[in-house]
S.K.: 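The structure follows.
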Amino acid sequence: MVVVMRSTATDGDIERVVDAVTAVGGECFVSKGRNQTIIGLVGDLTQFAELPLHAFPHVEDVIRVSRAFKLVSNDAQPRPSTVEVGRSRIGRDSVTIIAGPCAVETPEQTRLACEMARDGGATILRGGAYKPRTSPYAFQGLGESGLDILHDVARDIGLPFVTEVVTPADVETVARKADMLQVGTRNMQNFQLLKEVGLTGKPVLLKRGMTATIEEWVMAAEYIAHTGNLQIVLCERGVRTFEPMTRNTLDVSAVPVVQALTHLPVIIDPSHSGGRRDLVLPLIRSAIAVGADGVIVDVHPDPERALCDGPQALVHEDIPKLRETVARFAAAADRVVDFELGAGSSRSQGWGQGA
Ligand code: PEP
Ligand code: MN
């Protein structure tokens with residue numbers, strides 16, 4: 001951290017900053033220029049975090065030069081991590097497909113959607129039992145009975161599943177059944193929820209807040225890591241922009257930016273970003289080309305009757321294309337697809353970190 005003093009600062013003002021920093025265990029290096037004095041702070045950044053240095057007399061600016069996040073930073077761990085979800089994995093060597101219905105509606109719909117997901121190459125299933133909806137009048141999800149449906153379908157198919165948890169009160173229930181917990185865009189800065197999901201020790205899928213900067217998103221991951229749980233996968237799901245033709249704007253540049261900052265895997269959600277079925281495969285192509293470690297895709301057997309997000313769900317005829325597209329683009333990016341590593345349903349023994 002660097003403190004820049006105004007040209008009006010006296011020796012007494014400079015000393016005041018130095019004393020405050022040394023009092024919390026830091027060290028200062030003072031560099032006096034003709035017009036300005038710069039004070040370099042050395043030590044653990046968290047030591048200085050509580051100091052209101054901006055408010056000290058004649059302080060012009062306080063500039064952070066090291067990263068605010070530590071545990072998820074690739075300074076802490078230069079090798080990219082691989083997160084294991086049952087027998088499936090998400091990491092830098094492969095491209096993983098997660099797919100399933102946006103929401104669990106009925107046992108039949110969930111089973112059909114999850115079979116579509118498996119046929120499309122998914123090695124992890126998805127489905128929402130607790131739905132965070134913008135409108136209180138919209139379908140809110142089946143809750144615990146939806147979780148049971150998904151659990152049974154996933155067990156029968158032999159794949160692990162990820163599902164969203166929207167409130168700290170439900171974390172224990174969801175963690176008992178799910179293989180991976182999702183924190184959605186609307187909850188990215190629900191710090192209590194981040195801590196609770198972290199404490200379960202289960203893998204966590206952390207979606208980017210729709211108006212969050214990359215740093216805010218990575219700091220949210222740091223909250224989870226701070227509980228001792230480093231099984232975190234980041235998911236870019238589109239950010240809110242001025243463009244109304246798409247539901248959100250997929251920020252593909254976030255993928256290499258995040259990979260340059262952290263050791264965490266990063267996947268993209270082509271369904272909630274574009275919000276349109278016709279954009280799902282093009283966005284998947286762009287994501288794999290830019291280095292994404294996986295994709296999470298909505299599929300539905302009958303999207304016209306879907307209770308949530310039908311327009312963005314892939315349908316039966318798209319399923320072979322999903323599988324082929326991911327395989328072809330993964331090969332071009334020198335990666336294998338997770339299903340090629342044998343993580344599919346034939347290895348059902350590996351299913352179910354969840355009970
Ligand atoms: C979802 O994945 O079902 C979902 C609600 O996503 P997001 O939080 O990205 O809107
Ligand atoms: Mn959705």
Side-chain angles (χ1 to χ4, degrees), residues 85 90 96-105 109-110 113-114 117 122 124-136 138-143 146-147 149-150 161-167 170 174 178-190 193-194 197 203-212 214 216-217 220-221 224 232-241 246-252 254-255 258 266-277 279-280 283-284 287 292 294-300 302-303 305-315:
V85 184
I90 308 171
T96 301
I97 304 174
I98 304 174
C102 177
V104 174
E105 300 167 17
Q109 167 263 359
T110 304
C114 289
I124 302 174
L125 301 171
R126 66 146 287 150
Y130 299 85
K131 296 302 299 176
R133 303 305 299 276
T134 301
S135 165
F139 174 60
Q140 303 288 307
L142 298 179
L147 193 61
I149 292 172
L150 194 54
F161 73 95
V162 57
T163 193
E164 181 163 356
V165 55
V166 295
T167 171
D170 293 329
V174 177
D179 300 281
M180 183 181 213
L181 308 183
Q182 175 174 320
V183 175
T185 195
R186 294 160 186 83
N187 265 317
M188 189 205 81
Q189 284 191 319
N190 183 337
L193 182 63
L194 296 173
V197 295
V204 181
L205 181 63
L206 177 62
K207 290 194 147 192
R208 179 180 183 179
M210 64 182 89
T211 59
I214 289 173
E216 286 164 341
W217 182 24
I224 300 167
I232 307 162
V233 176
L234 297 171
C235 177
E236 160 60 42
R237 48 78 71 203
V239 289
R240 182 166 282 187
T241 67
T246 50
R247 186 175 177 181
N248 292 281
T249 298
L250 181 69
D251 179 8
V252 280
V255 173
V258 162
V266 54
I267 68 169
I268 66 107
D269 181 337
S271 311
H272 290 84
S273 46
R276 289 168 34 177
R277 182 171 309 128
L279 297 180
V280 171
L283 294 181
I284 287 177
V295 296
I296 179 166
V297 186
D298 283 8
V299 300
H300 200 288
D302 188 7
R305 270 189 265 271
L307 297 179
C308 187
D309 289 348
Q312 69 195 30
L314 292 187
V315 294

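Atoms within a ligand are numbered from 1 in the order they appear, just like the ligands themselves.
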S.K.: I'd like to know if the side chain of R126 and the backbone of P101 have a donor-acceptor N/O pair within less than 3.5 Å.
M.R.: yes

S.K.: For residues M180 and V233, determine if any side-chain heavy atom of one lies less than 4.5 Å from a side-chain heavy atom of the other.
M.R.: yes

S.K.: Of K207, R247, R237, which is the lone residue that meets salt bridge (charged side-chain N to carboxylate O under 4.0 Å, His left out) with D269?
M.R.: K207

S.K.: If you compare all heavy atoms of S271 against all heavy atoms of D298, which two are closest, and at what distance to 0.1 Å?
M.R.: OG-N, 3.0 Å

S.K.: For the residue pair I296 and C235, establish whether any side-chain heavy-atom pair is separated by less than 4.5 Å.
M.R.: yes

S.K.: So, does R208 use its side chain to make a donor-acceptor pair with the main chain of G238 at under 3.5 Å?
M.R.: no

S.K.: How far apart are the closest heavy atoms of V165 and L193, and which atoms are they?
M.R.: O-CD2, 3.6 Å

S.K.: Show the protein residues that qualify under the rule heavy atom under 4.0 Å from an atom of ligand 1, listing them in chain and number order.
M.R.: C102, R126, K131, E164, Q182, G184, T185, R186, K207, R237, H272

S.K.: Which count of protein N, O or S atoms is obtained for distances strictly below 2.8 Å from the Mn ion (ligand 2)?
M.R.: 3

S.K.: Charged N to carboxylate O below 4.0 Å: is that the case for D309 and K131?
M.R.: no

S.K.: Could you report the tightest heavy-atom contact between E164 and V166, atom names first, then the distance?
M.R.: OE2-CG1, 3.7 Å

